[in-house]
Amino acid sequence: MSSVNLDQNLNTAATVHAAEHHDEGEHRLFGFIVFLISESVIFLSFFVGYIVYKTSATDWLPAGVEGLEVREPLINTIVLVSSSFVIYFAERFLHKENLWGFRAFWLLTMAMGSFFLYGQAVEWAGLPFSFTDGLFGGTFYLLTGFHGLHVLTGVLMQGVMLGRSFIPGNYDDGEVGVAATSLFWHFVDVIWIILFILIYVWQ
Amino acid sequence: MNIRVLLRLAALAGIMAPISLWIGQLSYSWMPEPASAEALLVDDLFSFLTTLGTFIFLGVVGTLLYSVLFQRAARYDEGDGPPIEGNLTLEIVWTAIPIVLVIWIAGYSYKIYDEMGILGPMEHMHMGEAIAAPLTTQASTEPEPIEVHARQWVWEFYYPEAGVTSTELHLPNNTRAKLALTSEDVLHGFFVPAFRVKQDIIPGRKIDFEFTPIREGVYRLRDSQYSGTYFAAMQANVVVESPEAYQQWLHDVAARSPQPGLNPSYDEYQVKVENRENRPGWKTVTPAPAPLVNFPGSPELPVPRL
Amino acid sequence: MTDLSLETAPKREQPVPGEPENWRRFFSFSTDHKVIGIQYMVVAFVFFLIGGFLAMVMRGELITPEADLIDRTVYNALFTMHGTIMLFMWTFPVLNGLANYLVPLQIGARDMAFPRLNAVAFWLVPVFGVILMASFLVPGGPAQAGWWSYPPVSLQNPTGNLINGQFLWILAVALSGISSIMGGVNIVTTIIRMRAPGMTFFKMPVFCWAVAAAQTIQLFGLPALTAGAVMLLFDLTVGTSFFDPAKGGDPVLFQHFFWFYSHPAVYVIILPVFGIFSEVFPVYARKPLFGYHFVAVSSFVITGLSAIVWVHHMFASGTPGWMRMLFMATSMAISVPTGVKIFAWVATIWGGKIRLTTPMLFALGGLVNFLFAGITGIMLAAVPFDIHVNNTYFVVGHFHYVIYGAAVMGIYAAIYHWFPKMTGRMYYEGLGKLHFVLTFAGVALNFVPMHFAGLMGMPRRVASYDPEFAYWNVLASLGGFLLGVSTLPFLLNMISSWIQGEKAPANPWRAIGLEWLVASPPPHENFAEIPTVVSAPYGYGKNEPLIASQASTELASELS
């Protein structure tokens, strides 16, 4: 009698467990969104710092620095912003279970992200001021560097997701990893748009 | 709520009110004897806050004590109390009471703040507004402010009208004291407890500061914003004297030749360096040596007056 | 669906249900929220003792006016480390531990949403604790700029070493921030997504409400501190000029970054303690929590207000008048939701059948202390008065009344209240009451005199002072030593009860709550079957079931 009941209990426990496991993906996505909101406050703080410094500093630009070149960063911006659309299409393909379509567009996103990083590195290398050159130098490298770190993280996450797509049965439990990576990518994009306006447009 | 409850509450308030008022009067004696016009206003505000606070504290703690003393469960009573989950009227009332109190306190504080007006010049000093101009290019119509220089860890005062320097602050009584605060290294704080005034000094900025001393005597100026190793030793005497005595003092001192001012932190540091083996401790920023001043002042501590 | 064996296989590293109590799990990378909760609390308490020891050395120095017991640099390092340890290594972790232990049990979940993240967040605590303590060993000693680390003092580096006390301090605080963010994400996700069926937000115990409100603050506040700390670190190490006025930087901006987080951080500490009060009073007064909805929602009102009050720490630091008035108003507004809570607790106790057990005593003592601290808090919000007492011992007395008088006493209440649940043993009531008397008296003797010293004009953070303050300082020092002594009966009680205390039943207090429906200590994964909640919490005197009757539990009682 009791063993039968125990079996029943185990069975209910098993279904409950399975249901909970299915929820786990959604928990993760929810938790990730919470994390992103929190992360955005760091950027917000840096932005506020930048605005305060820019509006209050007596000597904002370091000696001999006129301002920033906008053309190349603008190309960079267009590439990064478009990659947000590309990653969206990648997700659509995955949704339709077209794995190769997903991988192609996913890889294209990674390429565009890498191009952005390359462009950023080229810009950094050509600048006449350094991290320690006054408030402008400090905030410029802090903001672009911290953002660049996020782009790099995004590309690495995309690499992992790409690799995982070759594991059979990877998407049986949902596509949380891909969804989160994509969300992160959009986040990095939005941050860049604000950053671009603050640093390059508002000079 | 019936009449008896109301009467009982009124009776309790009648007991609590005199006690609160008494504590409120007592609170004047908890601070040094007020020596500035601002201090009188601050003390009134504090007394008011203490009275109100005492009343609230007595009310809440009294209620709690009554419960704890007279509403205990009997030894073997396993039962529960009445399942009262709330009372909307009561809840609205006790949300409204703090709101009203807070508006009252904030309004009164604002009034006092307005009357003090010591910090008027602060209005012009927005964040990051660095004063690049030399300190002396002030409007010529106003008397030039006394310059207060803070550095690790000594106060130095410069009286532009007589070209005099000192390590003891002299102020004329019943006259608006105008100071220009500057720091050469880190944050410091200008704080004279007897005047109830305080202002952080931010390096790279000149901060105008005003108040009115109203009682002759010797008081203590203390650094109120932590400034490193010898922070606690960064104190100076403030001498408030009659305007005539003040002018006389300026005149006398102007004739004196410069000599090292008071600087207890540097003296203490010298002792420490000499006895390095005996006094364990970590490396510190070296204190600034004593500035050369016309008038070092007295190293005696003033007798505190409460 | 995948089959059962695959589902459960990876989870078997932890003790299985029914496995005999194994002390080793407390030293392992366990992902069980109950183990992690206790790990948090024990590690935090060790640091509480360390921080308390530092405080007693400081009180030893301050018992005489001269700087004679220890060198000034040592004193400055001590108060810096004392503040840092007590906040980042004691109150945050111990409350995280309580939240970890209680939240899943109270909302009817088997574990936290992210058990592994939970374990990582915990294990960071000893890591940054060791980093912080290691700063005593570097040349130049630990950070000596206070726990605020205001530049430019924090940027002064007399030894010239790259790895100095301040550097390690920033590193430790940054790691603490990462750990807290992990914890915050985990706890918020757990509370929002893992509640048992039927447990709507307004059927949730107030402790969970308060923890959710507190962790929300961590999530929006900590990043600001992190941003400030990163900039400070660059100033210190590579020589950028963010906060260095000598290079055109703005030291006041750091204060904004710092207090934007560090004032709300006080609510991160006090909100869960409000939650504890709300749990403890109904149990020992045998009455439902008065005005449950008001109490629950007011936590989030406090969270909202906490984001717009930080400048009241900077009334004296170059703040324009309009800002002073604005932040005076917002700071005072905080007293409305807290006042509502205090009145609600008093009304809960009023007319109840009160039982003065140790947790009840600590909660009552904490409430009285909090009331006192709240009143001095409103005084501090009044700008003209704050100008006088800002950065004096009045402030030190005030916030120690909040942190020790209210928060630590509330934490003690929680530890005693849930001790039977956590350990399966009863504590000794006599020792508990002795502990309460010593703590309450110690708090009063230590921290009330500080208010008077501050009113007279004694600045905080001083290693020496004018003889006029000696009287109050002697009293405060004696109180400090008394508080040191007060931890002895607590330690004795906890250790001996855990080893050989009387076995605790599932619900020794006849309390209402999901955590009291499971065995003491609760089995692995807490609930054999997730309960369905049918009534609001705190249904004392109402004789209604908390959860829908379950086939299995009925059967179990039948069998037994």
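In what follows, every chain begins at residue 1, and chains take the letters A, B, ... in the order their sequences are listed. Since the model is a prediction, treat every value here as computed from it, not as a measurement.
- Within the 4.5 angstrom heavy-atom criterion, only side-chain atoms of C/Ala77, from C-beta onward, approach chain B.
- Comment: B/Glu268 engages C/Arg72 in a salt bridge, judged by a side-chain N to carboxylate O separation of less than 4.0 angstrom.
- Of the two parts of C/Ala246, neither the backbone nor the side chain holds a non-hydrogen atom closer than 4.5 Å to a non-hydrogen atom of chain B.
- Of the atoms belonging to C/Met325, it is side-chain heavy atoms, and not backbone ones, that fall under 4.5 Å from chain B.
- Between B/Lys198 and C/Asp386 there is no salt bridge, since no side-chain nitrogen of the basic residue lies less than 4.0 Å from a carboxylate oxygen of the acidic one.
- Screening B/Ile84, B/Thr63, B/Leu64 for a side chain to side chain contact (heavy atoms under 4.5 Å, CB included) involving C/Trp350 leaves a single residue, B/Thr63.
- Between the CE atom of B/Met31 and the CZ atom of C/Phe452 there is a distance of 11.0 Å, given to the nearest 0.5 Å.
- Proximity to chain B is limited to the side chain of C/Gln156, based on heavy atoms less than 4.5 angstrom apart.
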Validation: residues 336-344 of chain C side-chain donor-acceptor distances under 3.5 Å, sequence neighbours left out:
unit_1: C/Thr338; atom_1: OG1; unit_2: C/Ile334; atom_2: O; d: 2.8
unit_1: C/Thr338; atom_1: OG1; unit_2: C/Ser335; atom_2: O; d: 3.2
unit_1: C/Lys341; atom_1: NZ; unit_2: C/Val295; atom_2: O; d: 3.1
unit_1: C/Lys341; atom_1: NZ; unit_2: C/Ser298; atom_2: OG; d: 3.3
unit_1: C/Lys341; atom_1: NZ; unit_2: C/Ser299; atom_2: OG; d: 2.8

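- A search for salt bridge (charged side-chain N to carboxylate O under 4.0 Å, His left out) contacts involving B/Glu78 returns C/Arg510, not counting sequence neighbours.
- The contact between C/Met328 and chain B is made entirely by side chain atoms (from C-beta outward), counting heavy-atom distances below 4.5 Å.
- Residues of residues 40-48 of chain B lying under 4.5 angstrom from chain C, judged on non-hydrogen atoms, are B/Val42, B/Leu45, B/Phe46 in numerical order.
- Under the 4.5 Å side-chain criterion, counting only non-hydrogen atoms from C-beta, C/Asp71 is in contact with B/Lys272.
- Scored by the side-chain contact (heavy atoms from CB on, under 4.5 Å) test, B/Val68 finds C/Leu356, C/Leu364 as partners (sequence neighbours excluded).
- By the 4.0 Å N-to-carboxylate-O rule, C/Arg461 lies too far from B/Asp223 to be salt-bridged with it.
- Closest of all the heavy-atom pairs between B/Pro83 and C/Gly541 is CG-O, 3.6 Å.
- Both the backbone and the side chain of B/Tyr230 come within contact range of chain C, with heavy atoms under 4.5 Å apart.
- With contacts defined as side-chain heavy-atom distances shorter than 4.5 Å, the pair B/Trp30/C/Met456 does not qualify.
- Counting heavy-atom pairs under 4.5 Å between each of B/Ile99, B/Ile112, B/Asn87, B/Asp77 and chain C puts B/Asp77 at the top.
- We find that B/Glu85 and C/Lys542 are joined by a salt bridge, their nearest charged nitrogen and carboxylate oxygen being less than 4.0 Å apart.
- Of the two parts of C/Gln255, only the side chain, counted from C-beta on, holds a non-hydrogen atom closer than 4.5 Å to a non-hydrogen atom of chain B.
- Ring centroid separation for the pair C/Phe290 and B/Trp94 comes in under the 6.0 Å cut-off.
- For B/Tyr110, the parts lying near chain C are the backbone and the side chain together; criterion is any non-hydrogen pair under 4.5 Å.
- Using a 4.5 Å cut-off between heavy atoms, C/Leu289 contacts chain B through its backbone alone, with no side-chain atom that close.
- Residue C/Pro459 comes nearest to B/Phe231 through the heavy atom pair CB-CZ, 4.3 Å, listed as atom of the first residue, atom of the second, then distance.
- Ionic pairing of C/Lys353 and B/Asp80 is not present here: no N-O contact between side-chain nitrogen and carboxylate oxygen is shorter than 4.0 angstrom.
- Proximity to chain C involves both the backbone and the side chain of B/Thr50, based on heavy atoms less than 4.5 angstrom apart.
- Note: B/Tyr226 and C/Phe79 have perpendicular aromatic rings, judged against thresholds of 30 and 60 degrees for the angle between ring planes.
- With a 4.5 Å cut-off on side-chain heavy atoms, B/Gln225 and C/Asn391 count as touching.
- Neither the backbone nor the side chain of C/Phe243 comes within contact range of chain B; no heavy atoms are under 4.5 Å apart.
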